[in-house]
Amino acid sequence: MKAHIVDTTLRDGEQKAGIALGINEKVQIAKLLDSIGVYQIESGIPAMKGTEKRSIQKIMELGLKSKISSWNRMDIGDINHSIDCGVQIIHITAPVSDLQIVSKLQKDKNWVIDNMKKCIYYIKEKGFEVTVGLEDASRADFAFLLEVASIAYEEGADRIRYADTVGILHSQRIYNEIWEIKNQLSVGIEIHAHNDLGMAVANSISAVKAGAEFVDCTIGGIGERAGNCNYTQFVEASRECLDINKEVDLHQLNEVQEEIFEIIRGRKSKKNVHK
Amino acid sequence: MPLDLGKNKLLTIIDRTLPEIHYYNKKISRLGMISFCWMLKEVGVDLIEIDGDILKKIRKLPFGVDFIFRLQSEEDVEMLLKHKIKHCIFDRNFFESSELIRRIDVVSISTTLEVSMEEIYELHNLILSGKLEGINNIRITDVSRFNDLAYIRAFIAICKGFNIHTDICPDNHFYFATAIAVDAVLNDISMVTCSFMGYGQKNNYAALEEVLMAVRVIVRSECKLDLKMLPQLGNLITEVTGTVIPDNKPIIGVNIFRYESGIYADGIGKNPANYELFEPSFVGLSRSLAIGKHSGKSSIIRKFNELEIPFNKEDIPKILSKVRKKSISLRRDLNDNEIKKISEEFYESTYSGYDVKGW
């Protein structure tokens, strides 16, 4: 069993109200994450342009070992900004709950599917890896969720992200749903758990037990509202419960966490823990 | 009153924050304790755990609040009987070594035996051999792994056959405590012990506020809960223990409903349920819009309208750019004065020579 960590401190984490990172700060944090062996760094949203886009471009120039991805709406304009940055993985988000499709997007299910197909095709044609986020998956009709996941896979998506956007999942349920998705599709599954009910770590562990190969985390669990799956807590729990991540140096991880907190707070750190 | 979970299932919530505060020698006044008890009852706690030291401090238990009293000595038994407390709890040492238990009228007083997860295997035999006669409930502590639940389910089945209820007290060693409590409730456990914010010795417990909200959101949305007192409970805990509640603590963090990102703000504006599991007012909090690096054009417009700042819509993209730059330079979101200043400076430089104030 293995679970690659996708760190989204520089995207979902930075979306926590009141956090504003400049180019240097994002670059420093990316280096620190790379130093602890993070599989993938979700670096931000290039479609925001300006400083955000330039910071992602700077991160790409570092040539880090971690894969670098960007977050996008299902919008060719957004995707073009990501292509400009040259990220390795382009993530597109596809709302799959009736609530978000009707209320937020003000569209319908057919529009979601058609637009998703168009975006996947566009990204693959340009030669990029694409992951598709099933936004608000935990409030979606499961049959529709499976349909969208299946279509995404057939169209060439390299991975599906199950997003518990409002943190409503519980461990039994996420286990069952991930298991069912893996049972029907051979696609890689990524779990993106929010912590609104204090269960993000537990839900992420359950998802991995059911077959999810990728886990979204943030340093300190920061993110929208009550945040995301806490990186350090996930590593600690997974060592004990999944017998993985045993090679992770917890002392170094805690030091890097502190260093990143200092950067976010805008203080000059006295430490220099990254290579 | 136990939470009604539908289909004839009831859930009793037990809180053990007070003994934990006491364990850490934190000073809480008598009135503070009584106030804390009332607030716990308001938010849905059925039984509040106390011990002899706490009872001596409170002196007279508030009417209308139910307590579960921890027995550790003969004096405790006397206090239990004197104060007419209807529920008591004790560990195996006390149960097995003390004759005092026999003095308790189990018809009128509910008894709970507390055991750790490691001990439940031994308990099987004790239950089957009738050696736990007189015990109404068994509380299982140190439940820290999901695998534990499989054993507990089997244990619950045995207990049911002898009319013994099971109370689960999860341990947060692996950050699973709330999740274990929720899973247990979904698998028919009828009693859960937690503490406010999971406050406690060793690894902490399941957080009361998380368990209550999870029951409402996941198990049964119709169950009656009033969580508006949670902020006051939090303030009292901070005052007494010095524990700072993280601003993004689930359910009670002061900033969990503060948002900034443009896409998020757009979704909230159309329908808060797009991104919120429950209304902020349900937990005594409120929603607020931050303006900063991640803001979108509609957030700027909304803020300008709120602050009654006149603007041209075509200028918003340029103003947004200035807002983002300022936010990044300050490494935080902007306050109202800073937003006003950006607007004034923009219009003064854009329309210099014109009187732009108040146009």
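No hydrogens, no waters, no symmetry mates; every other heavy atom, side chains included, goes into these values. So that the names make sense, note that chain A is the first sequence line, chain B the second, and so on, each numbered from 1. The structure displayed is predicted, hence computed values, not measured ones.
- Using a 4.5 Å cut-off between heavy atoms, B:Ala207 makes no contact with chain A at all.
- For chain A, the nearby part of B:Leu186 is the side chain; its heavy atoms alone come within less than 4.5 Å.
- Among A:Leu99, A:Ile222, A:Ile205, A:Ile23, the residue with the largest count of heavy-atom pairs under 4.5 Å with chain B is A:Leu99.
- Residue A:Ile168 touches chain B through both its backbone and its side chain, counting heavy-atom pairs closer than 4.5 Å.
- Top candidate by heavy-atom pairs under 4.5 Å with chain A, chosen from B:Ile263, B:Val211, B:Ile268, is B:Ile263.
- By number of non-hydrogen pairs under 4.5 angstrom with chain A, the leading residue of B:Ala214, B:Gly292, B:Gly198, B:Gly253 is B:Ala214.
- Residues satisfying the side-chain contact (heavy atoms from CB on, under 4.5 Å) criterion with A:Ala202, sequence neighbours excluded, are B:Phe146, B:Phe176, B:Ala179.
- Closest non-hydrogen pair, A:Gly167 versus B:Leu277, comes out as O-CD2, 3.9 Å.
- Residues meeting the salt bridge (charged side-chain N to carboxylate O under 4.0 Å, His left out) test with B:Lys340, sequence neighbours left out: none.
- In this structure, the portion of A:Leu169 lying under 4.5 Å from any heavy atom of chain B is its backbone and not its side chain.
- When all heavy atoms of A:Ala237 and B:Phe174 are compared, the pair lying nearest together is CB-O, 3.7 Å.
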Are there any donor-acceptor pairs closer than 3.5 angstrom between chain B and chain A, and if so, which ones?
{"from": "B:Arg145", "atom 1": "NH2", "to": "A:Glu240", "atom 2": "OE2", "distance (Å)": "2.9"}
{"from": "B:Tyr175", "atom 1": "OH", "to": "A:Glu236", "atom 2": "OE1", "distance (Å)": "2.5"}
{"from": "B:Asp183", "atom 1": "OD1", "to": "A:Ser171", "atom 2": "OG", "distance (Å)": "3.2"}
{"from": "B:Asp183", "atom 1": "OD2", "to": "A:Ser171", "atom 2": "OG", "distance (Å)": "2.8"}
{"from": "B:Asn187", "atom 1": "ND2", "to": "A:Gln172", "atom 2": "OE1", "distance (Å)": "2.7"}
{"from": "B:Asp247", "atom 1": "OD1", "to": "A:Lys16", "atom 2": "NZ", "distance (Å)": "3.3"}
{"from": "B:Asp247", "atom 1": "OD2", "to": "A:Lys16", "atom 2": "NZ", "distance (Å)": "2.9"}
{"from": "B:Glu260", "atom 1": "OE1", "to": "A:Gly18", "atom 2": "N", "distance (Å)": "2.9"}
{"from": "B:Tyr264", "atom 1": "OH", "to": "A:Arg225", "atom 2": "NH1", "distance (Å)": "3.1"}
{"from": "B:Lys270", "atom 1": "NZ", "to": "A:Lys104", "atom 2": "O", "distance (Å)": "2.8"}
{"from": "B:Ala273", "atom 1": "O", "to": "A:Arg139", "atom 2": "NH1", "distance (Å)": "2.9"}
{"from": "B:Ala273", "atom 1": "O", "to": "A:Arg139", "atom 2": "NH2", "distance (Å)": "2.8"}
{"from": "B:Asn274", "atom 1": "O", "to": "A:Gln100", "atom 2": "NE2", "distance (Å)": "2.9"}
{"from": "B:Asn274", "atom 1": "O", "to": "A:Arg139", "atom 2": "NH2", "distance (Å)": "3.0"}
{"from": "B:Asn274", "atom 1": "ND2", "to": "A:Ser103", "atom 2": "OG", "distance (Å)": "3.2"}
{"from": "B:Tyr275", "atom 1": "O", "to": "A:Arg225", "atom 2": "NE", "distance (Å)": "3.4"}
{"from": "B:Tyr275", "atom 1": "O", "to": "A:Arg225", "atom 2": "NH1", "distance (Å)": "3.1"}
{"from": "B:Tyr275", "atom 1": "OH", "to": "A:Lys104", "atom 2": "NZ", "distance (Å)": "2.7"}
{"from": "B:Tyr275", "atom 1": "OH", "to": "A:Glu135", "atom 2": "OE2", "distance (Å)": "3.4"}
{"from": "B:Lys293", "atom 1": "NZ", "to": "A:Glu14", "atom 2": "OE1", "distance (Å)": "3.4"}
{"from": "B:Lys293", "atom 1": "NZ", "to": "A:Glu14", "atom 2": "OE2", "distance (Å)": "2.7"}
{"from": "B:Lys293", "atom 1": "NZ", "to": "A:Leu21", "atom 2": "O", "distance (Å)": "2.9"}
{"from": "B:Lys293", "atom 1": "NZ", "to": "A:Glu52", "atom 2": "OE1", "distance (Å)": "2.8"}
{"from": "B:Arg324", "atom 1": "NH1", "to": "A:Met48", "atom 2": "O", "distance (Å)": "3.1"}
{"from": "B:Arg331", "atom 1": "NH1", "to": "A:Glu25", "atom 2": "OE2", "distance (Å)": "3.2"}
{"from": "B:Arg331", "atom 1": "NH2", "to": "A:Ile263", "atom 2": "O", "distance (Å)": "2.3"}

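- Between B:Ile251 and A:Leu197 there is a side-chain heavy-atom pair separated by less than 4.5 Å.
- Listed by chain and residue number, B:Phe257 satisfy the ring-ring contact (aromatic ring centres under 6.0 Å, His included) test with B:Phe278 (two or more places apart in sequence, or in another chain).
- When A:Gly50, A:Pro95, A:Gly22, A:Cys241 are compared by the number of non-hydrogen pairs under 4.5 Å with chain B, A:Cys241 comes out ahead.
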